[in-house]
Amino acid sequence: MLRRKPHTLSKSEESLLAQVGNLSQAPTTIFGMLNNADMKFPKVKNEKGEEVELTHGRYIQFLESRDRGVREAAFKAVYDTYGKWRNTLAATLNANVTKNLFYAHARHYPSALEMSLFGDNIPVSVYDNLISTIHEHLPLMHRYMALRKKLLKVDELHMYDLFAPLVDEFDMDIGYEEAKKTVYDSLKPLGEDYRKVLQEGFDKGWIDVYENEGKRSGAYSWGAYGTHPYVLLNHKDNLNSMFTLAHEMGHALHSYYSDESNEYRDAQYTIFLAEVASTLNEALLMDYLLDKSKDPKEKMYLLTYYADQFRTTVFRQTMFAEFEKIVHAKAESGESLTPEELSAIYYDLNVKYYGADMVVDKDIEMEWARIPHFYTSFYVYKYATGFSAATSFAKQILSEGQPAVDRYLGFLKSGGNDYSINILKKSRRRHVDAGPDRASA
Ligand SMILES: [Zn+2]
C-alpha cells in the first residue's frame, strides 16, 4: 500500500477512474470481435489441391506444410486480409495505447511501460536489458536462419519458411505411460524429494490426461491453496505431449512447494516466475533425450525443436516487446501512429531480427495487426525472461549438482513471499572470489 501510495488518487478521482473501467476495455473488445468473429479469410489450396477455408487455427498448420506453395498461399492470404482492415486495426491498437497513456498520466507514472511493470515491481532496466542482450545475440538467430535456408535447400528463405519442418518426418510414438517414465527419469537431477512429489502427482489423480467430449483444449495447471494442484492435458502419443507433461508438472510442483512452504497470503507466485519452473523441466527433459539418443535423425529433430523454442519464445517475444516499447514511446512524445508508421516499425524490426539470410516479405509488415497480446501491454517479455532464467537454472543444475538444486528448490518454495526479482536474485549462483580481500570476511 505504501509503495502504491504515490499512484493512488483521491476518493473522487478513484471513483471517476472506476467508472471508465468498462470503457477502457473497448479497444480489446473491438479488436477481439473483429479478429475472432467478423474477419473472414479466403480459401487456399492444400497439399492435395483442395480448396480449404483459411482460419486462425489452420494458419499454423498451413505454415508447417512441406509444400512451399501451400505455405506461401496461406501467408499471403492472411496478411492480404489484415491489410484490407489496416485503418480499423491501427485505430484499435492506437486506442489501446491511448488508454495506457491515460492511466499512466492519471496515476502519475513516468510512462506506460513503468506503470505496467510496477505491479510486479520489475525495474525498467530488466525490460531494457532483455532487449539489449537479445540485440547482442542476434547473430545467433541470423546463423539459425542461414542453417534453415541450407537445410530447406532454397535459394531464398522467406518469412513463410519459418515454420517449415527442417528434418524428414520423424515419428516418435510415445504413449502416456512411457512419457511419464521418461519425464520421471529426466528429472533425476532435481533430486529424490522432487521426484517423490512428481510420482505422487502421477499416481494420485492430479492429472486429467486425455481429450474428451466437451473438454477444453490445451493444457494447464491450477489449484487452490490447501489442496494438491490439478493438471489438465489433452495427451497425444507424441513428443510434444511429453514436453507438455514435463511443463505442466513443473507448474504443479511449483505450486505444491510454494503452498507447502508459505502462508496463504504469500503462496501465490507471479506469472513472471511461473514459466521458469515449467520451462526448466523441459530443458532437463531435452538434455536427457539428447544424451540418450543414438539416432542422428532423432537428434536433429530434437535440436530443431529446441532451436525453434529459442526462436519463438526468446527472440520473437523480445521483438514484440521492443515493438510495444517503440510504439508507446512514440505516442508519449506526441507522434501519431498511422497504419503506415506501425507497419514501418514492425517491418524494420523483422529485418533486424531475422538478418541477411531472410528475405523479409513486405506482407509481414501487417503482422502487428494480428497479435492479441498487444492488447495486454508489456506482458510478452515475461516469456523471454522466464525461458532465459530457466535455461540458466538448468545449466547450473546440470553442471554444479546439489548446491544448484538446493538453490532451485529454494526458489520453488519461495512462492510469492518476496518481489519476483528478489526471489530470482536469492537463488542465483554466488560468485565466490578467492582473492586476498576475503581474509577479513
Ligand atoms: Zn506454462
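None of the values given here were measured: they were computed from a predicted structure. When a ligand or atom number is given, it counts from 1 through the structure's own listing order.
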Subject >> Summary of salt bridge (charged side-chain N to carboxylate O under 4.0 Å, His left out) pairs that have at least one residue in residues 275-294, sequence neighbours excluded >> reply: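 Matches after skipping sequence neighbours: none remain.
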**OP:** Please check if any side-chain donor atom of R428 sits under 3.5 Å from a side-chain acceptor atom of Q396, or the reverse.
**Re:**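 Q396 and R428 do not have a side-chain donor-acceptor pair below 3.5 Å.
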Subject >> Selection residues 385-425 - residue pairs positive for ring-ring contact (aromatic ring centres under 6.0 Å, His included), sequence neighbours left out >> reply: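 The answer is H254-F411, F310-F387, F393-Y408, F393-F411, Y408-F411.
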**OP:** Give the total of protein N/O/S atoms at a distance below 2.8 Å from the Zn ion (ligand 1).
**Re:**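 That number is 4, waters not included.
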Original post:
For the residue pair Y82 and H56, does the interplanar ring angle fall in the parallel (under 30°), tilted (30 to 60°) or perpendicular (over 60°) class?
Top reply: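 It falls in the tilted class, 30° to 60°.
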Original post:
How are the rings of Y160 and H158 set to each other: parallel, tilted or perpendicular (split at 30° and 60°)?
Top reply: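 Geometry flag for H158 against Y160: parallel rings.
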Subject >> side-chain hydrogen bond (donor to acceptor under 3.5 Å, both in side chains) partners of N100, counting only residues at least two apart >> reply: H328, S377
